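Here's the structure, in structure tokens; my notes come after.
Residues: numbered from 1 along the sequence shown. Model, not experiment: these values are computed from the prediction.
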Amino acid sequence: QVQLAESGGGSVQAGGSLRLSCAASGDSDLRKCMAWFRQVPGKEREGVAAIWASGRRTYYVDSLKGRFTLSQDNAKNTVSLQMNSLQPEDTAMYYCAAGRAPLCLDLLVTGIFGPFKSWGQGTQVTVSS
């Protein structure tokens, strides 16, 4: 079992920054691949970025490269998503997810976020213009 707890959401104006954190606990094999997703009401949840290999490897969707940065603190079992130059279209509920390592390896090859089984409760990010 894996437990995930997100924090750091809030409201900012366009151009601002936020840092989301995900504290993870539980079976380490089930959280070798950590990812962030976001969801807007009425739309499907979409993958944002992923991190694996103890933080040495990362993946970002093309549209967010350069603005979002993932990092991992292995001592604290925390994954953080630094979001800069936020825009109103970044407004969403952001979720942390965890899974086995092959999920991230497949993502690297296919560009498709697979079926993560462990999820946090989400944290809201609102960006005003």
Side-chain angles (χ1 to χ4, degrees):
Q1 296 291 334
V2 172
Q3 294 76 43
L4 303 172
E6 302 99 333
S7 61
S11 298
V12 295
Q13 291 190 330
S17 299
L18 281 174
R19 185 177 181 87
L20 306 183
S21 292
C22 175
S25 61
D27 191 330
S28 60
D29 283 341
L30 301 181
R31 48 186 173 91
K32 293 293 188 185
C33 176
M34 300 290 293
W36 285 92
F37 289 73
R38 65 185 184 183
Q39 188 171 24
V40 175
K43 294 188 177 181
E44 290 188 1
R45 191 173 297 184
E46 63 174 359
V48 170
I51 189 167
W52 69 102
S54 298
R56 295 189 300 274
R57 301 295 304 273
T58 54
Y59 175 92
Y60 302 91
V61 295
D62 287 343
S63 60
L64 299 176
K65 286 181 180 178
R67 294 198 299 124
F68 287 18
T69 304
L70 267 177
S71 61
Q72 184 167 335
D73 185 333
N74 296 313
K76 296 182 178 179
N77 291 324
T78 300
V79 171
S80 296
L81 181 67
Q82 178 67 39
M83 306 185 295
N84 299 326
S85 301
L86 285 163
Q87 299 301 317
E89 53 266 33
D90 294 316
T91 295
M93 183 71 80
Y94 283 72
Y95 296 90
C96 177
R100 295 183 183 273
L103 276 175
C104 275
L105 299 177
D106 290 345
L107 172 62
L108 185 63
V109 174
T110 67
I112 298 173
F113 286 81
F116 286 78
K117 294 186 177 181
S118 300
W119 295 86
Q121 79 285 355
T123 186
Q124 178 67 38
V125 171
T126 302
V127 185
S128 58
S129 57

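Closest non-hydrogen pair, V40 versus A92, comes out as CG2-CB, 3.9 Å. Considering all non-hydrogen atoms of both residues, G47 and V61 come closest at O-CG1, 3.3 Å. The heavy-atom pair separating S7 from T123 by the smallest distance is C-OG1, 4.4 Å. Shortest non-hydrogen contact noted between S118 and V2 is OG-CB, 3.5 Å. Closest heavy-atom contact between L107 and A50: CD2-CB, 3.5 Å. C22 and M34 make their closest contact through SG-CE, 4.0 Å (heavy atoms, listed as atom of the first residue, atom of the second, distance).
Taking S128 as the reference, Q13 meet the side-chain contact (heavy atoms from CB on, under 4.5 Å) condition, with sequence neighbours excluded. In this structure, the side chain to side chain donor-acceptor pair (under 3.5 Å) partners of S80, at least two apart in sequence or on a different chain, are S21. In terms of the side chain to side chain donor-acceptor pair (under 3.5 Å) criterion, residue partners of Q39 (sequence neighbours excluded) are, by chain and number, R45. Scanning for side-chain contact (heavy atoms from CB on, under 4.5 Å) contacts around S17 gives Q82, N84, with sequence neighbours left out. By the side chain to side chain donor-acceptor pair (under 3.5 Å) test, S85 is found to be paired with no residue, residues two or more places apart in sequence or in another chain being considered. The side-chain contact (heavy atoms from CB on, under 4.5 Å) check on N77 picks up R31, with sequence neighbours excluded. Residues meeting the side chain to side chain donor-acceptor pair (under 3.5 Å) test with S28, sequence neighbours left out: none.
Rounding to the nearest 0.5 Å places CD of Q3 at 10.0 Å from CG of D27. One distance of note links CG of L108 with CG of L103; it measures 13.0 Å at 0.5 Å rounding.
Sequence neighbours left out, not one pair with a member in residues 97-122 passes salt bridge (charged side-chain N to carboxylate O under 4.0 Å, His left out). The ring pair (Phe, Tyr, Trp, His ring centres under 6.0 Å) analysis of residues 79-102, with sequence neighbours excluded, yields no pairs. Residue pairs meeting the salt bridge (charged side-chain N to carboxylate O under 4.0 Å, His left out) criterion with at least one member in residues 57-66, sequence neighbours excluded: D62-K65. Screening residues 82-96 for salt bridge (charged side-chain N to carboxylate O under 4.0 Å, His left out) gives R38-D90, R67-D90 as the qualifying pairs, with residues at least two apart or on separate chains. Among residues at least two apart or in separate chains, ring pair (Phe, Tyr, Trp, His ring centres under 6.0 Å) pairs with a member in residues 9-68 are F37-F113, F37-F116, F37-W119, Y59-F113.
A 4.5 Å side-chain heavy-atom check between N74 and Q72 finds at least one atom pair inside the cut-off. In this structure, the side chains of T78 and S71 stay at 4.5 Å or more apart for every pair of heavy atoms. Looking at L70 and V79, their side chains come closer than 4.5 Å, going by heavy atoms from C-beta outward. In this structure, L20 and M83 have side chains that are in contact, with non-hydrogen atoms separated by less than 4.5 Å.
The local environment of CD in Q121 is crowded, with over 12 non-hydrogen atoms from other residues, nucleotides or ligands closer than 6.0 Å.
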